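The structure appears right after this line, and notes come after that.
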Amino acid sequence: MINILVWDKDTEFLERLALRMKRCSAYAGKDLAITLSDTQSKAIELLSDRDFDMAFINYTCDNDDENQVAQYIIHNKPDVAIVFTFSVGTPLEGCHKYIPLAIVSKERMKVDFIDTFSAYLSASDARGRAFLLVKRGIMRSLPYARIQWFESEAHKIIIHMLGDECVSFTGKLDDLLLRLPKGMFVRCHQSYIVNISHIRRVDSSHNLIILYSGVMIPVSRTAKKGVLAEIKKQRQF
């Protein structure tokens, strides 16, 4: 069963989107539980009381209601996949800071939604094992085991993977950390989040984390104690 919350002030759109979901779900052989909300307060109330897998949020950029719902999800329900819906002409720059699973055009809802939802269904079994990244409408599933560290640089997050592969997207490490599996990654610096399983050792004298790949990541003095405690918690030295 996949539980979905849909919030939009346009009740007609809510009904049309729910119909699309049911048709796509039937085609994919998945059961859906769809909850509709036409107010920001009701959406947050529902999110606080129930568990959802996805949340479709209308993005208009002319008020903060959708921002409040998205921020609530990021800070309180990080496992919920955010999908923004928008109309033609809507500025979308602001919504990327929420690291949405996808952005769906209302005018091309049939095509965009089916592509988005089908991709989600195919990747849902891997959500606990992979970082799902959507760029330019294309979804990639990046296994956590292959991610060595995340680096923040000029309003972008760079994912450094095994094999020297790098992938970047717009975002903030504070928001990203809330979406990562607990106990798998640790924030060691203002600009770095490291995969604990890739840490070979911590050089306390020089404030460096040494990865098995040989890469050296700085660890801040204020974060060092917490980093060492988190590593010790996750494995035996």
Side-chain angles (χ1 to χ4, degrees), residues 2-22 24-25 32 34-48 50-124 127 131-141 155-157 167-172 174-176 178-179:
I2 298 176
N3 294 297
I4 299 176
L5 172 69
V6 185
W7 177 65
D8 196 302
K9 295 177 182 178
D10 183 349
T11 54
E12 181 180 347
F13 171 73
L14 288 178
E15 294 173 356
R16 289 188 291 125
L17 184 56
L19 181 60
R20 293 291 185 197
M21 287 180 174
K22 291 177 181 178
C24 189
S25 174
L32 294 186
I34 302 172
T35 303
L36 305 179
S37 172
D38 57 2
T39 65
Q40 173 261 344
S41 58
K42 181 181 177 183
I44 291 181
E45 180 181 352
L46 289 166
L47 284 162
S48 65
R50 294 167 51 182
D51 292 326
F52 291 95
D53 298 296
M54 303 177 72
F56 280 73
I57 303 172
N58 177 43
Y59 194 85
T60 61
C61 232
D62 59 3
N63 63 60
D64 290 332
D65 279 358
E66 64 271 13
N67 295 349
Q68 292 178 29
V69 176
Q71 287 173 5
Y72 181 87
I73 291 172
I74 287 174
H75 292 290
N76 298 280
K77 301 284 185 175
D79 292 333
V80 176
I82 297 173
V83 178
F84 283 117
T85 62
F86 73 99
S87 298
V88 168
T90 301
L92 294 175
E93 292 82 0
C95 70
H96 290 286
K97 65 182 178 181
Y98 299 111
I99 317 177
L101 176 71
I103 302 172
V104 178
S105 166
K106 289 186 179 181
E107 284 70 18
R108 297 183 66 250
M109 182 178 66
K110 180 178 180 180
V111 175
D112 286 356
F113 171 72
I114 291 177
D115 288 347
T116 299
F117 192 58
S118 297
Y120 174 82
L121 290 176
S122 64
S124 60
R127 288 187 65 197
F131 182 76
L132 301 182
L133 176 66
V134 178
K135 290 187 67 174
R136 301 181 183 89
I138 300 174
M139 179 183 290
R140 290 191 61 185
S141 179
H155 306 295
K156 287 189 176 182
I157 295 176
V167 183
S168 65
F169 62 96
T170 302
K172 296 181 179 180
D174 288 340
D175 296 333
L176 171 65
L178 293 170
R179 289 181 169 272

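Not measured: the values here are computed from a predicted model. Along the sequence shown, residues carry numbers from 1.
Of the possible polar contacts, none joining the N3 side chain to the D53 backbone as a donor-acceptor pair under 3.5 Å is found.
Shown here for D38 and W7, the closest heavy-atom pair between the two residues is C-NE1, 3.4 Å. The two atoms that bring F52 and I4 nearest to each other are CD2-C, 3.6 Å, heavy atoms only.
Annotation: the span from D175 atom CG to I73 atom CD1 amounts to 12.5 Å, rounded to 0.5 Å. Separation of atoms CG (L46) and CG (D51) is listed at 12.0 Å; rounding is to 0.5 Å.
Partners of D174 by salt bridge (charged side-chain N to carboxylate O under 4.0 Å, His left out), not counting sequence neighbours, listed by chain and number: R187. Residues satisfying the side chain to side chain contact (heavy atoms under 4.5 Å, CB included) criterion with I44, sequence neighbours excluded, are Q40, V69, Y72. Applying the side chain to side chain contact (heavy atoms under 4.5 Å, CB included) criterion to T39, with sequence neighbours excluded, gives S37, S41, K42.
With contacts defined as side-chain heavy-atom distances shorter than 4.5 Å, the pair R50/L5 does not qualify.
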